[in-house]
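Worksheet: one structure, shown below.
Sequential numbering from 1 along the given sequence is applied to the chain's residues.
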Amino acid sequence: MPAYVVVQIAVHDAQTYERYKQLAPPSIAHYGGRYLARGGATEVLEGTWQPPRFVILEFPNVERARAWWASPEYAPAKALRQSSAHTMMLLAEGLPADAVPVVPR
């Protein structure tokens, strides 16, 4: 089943965070991950949640997502992110492909 890493980020050191943005993608790809959303515009539909920066990553499964987060490949980027931003990060298990109903056209 796919897994998703959902991230809310408040950057307080933009220069350091720019270095993070260069280092993180190769480590994500190495573990089979990909960006679904990365810092684009957000719109509040309900409630008051307004993340300053929002990212969604997709991995093949929870194990690969955990392995990426704890990996030596990601460690240098993670250190930069942790020193330049306040982050809230959540790992969510997705649904199997056959569990999602397909709506006919």
Side chains of [X] and [Y]: does their closest heavy-atom pair fall under 4.5 Å?
{"X": "L90", "Y": "Y4", "result": "no"}
{"X": "I9", "Y": "Y17", "result": "yes"}
{"X": "I56", "Y": "E58", "result": "no"}
{"X": "R53", "Y": "R38", "result": "yes"}
{"X": "T42", "Y": "Q50", "result": "no"}
{"X": "Y20", "Y": "S83", "result": "no"}

[atom1] of [X] to [atom2] of [Y]: how many Å apart, nearest 0.5 Å?
{"X": "R19", "Y": "S84", "atom1": "CZ", "atom2": "OG", "result": "8.5 Å"}
{"X": "R81", "Y": "L23", "atom1": "CZ", "atom2": "CG", "result": "12.5 Å"}
{"X": "K78", "Y": "W69", "atom1": "NZ", "atom2": "CH2", "result": "3.5 Å"}
{"X": "D13", "Y": "E18", "atom1": "CG", "atom2": "CD", "result": "10.5 Å"}
{"X": "R66", "Y": "N61", "atom1": "CZ", "atom2": "CG", "result": "9.5 Å"}
{"X": "M1", "Y": "D98", "atom1": "CE", "atom2": "CG", "result": "10.0 Å"}

How far apart are the closest heavy atoms of [X] and [Y], and which atoms are they?
{"X": "Y35", "Y": "I28", "answer": "OH-CD1, 3.2 Å"}
{"X": "A24", "Y": "S27", "answer": "O-OG, 2.7 Å"}
{"X": "A85", "Y": "V11", "answer": "CB-CA, 3.8 Å"}
{"X": "H30", "Y": "E73", "answer": "NE2-OE2, 3.6 Å"}
{"X": "R64", "Y": "G32", "answer": "NH2-N, 4.2 Å"}

**Request:** Give the ring-plane orientation class for W68 versus Y74, where under 30° counts as parallel, over 60° as perpendicular and anything between as tilted.
**Result:**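 Rings of W68 and Y74: tilted, 30 to 60°.
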
**Asked** Going hydrophobic residue to hydrophobic residue with side-chain gaps under 4.5 angstrom, can you get from M89 over to L91?
**Response**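 M89 clusters together with L91.
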
**Request:** Determine whether F59 and L36 fall in the same hydrophobic cluster, where Ile, Leu, Val, Met, Phe, Trp and Tyr are linked whenever their side-chain heavy atoms lie under 4.5 Å apart.
**Result:**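 They do not share one cluster, since no chain of ILVMFWY contacts under 4.5 Å joins F59 to L36.
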
**Prompt:** Can you list the steps and then say if Q82 with T87 is a side chain to side chain contact (heavy atoms under 4.5 Å, CB included)?
**Reply:** CA-CA 7 Å; Q82 291 174 337; T87 305; 5.9 Å; no

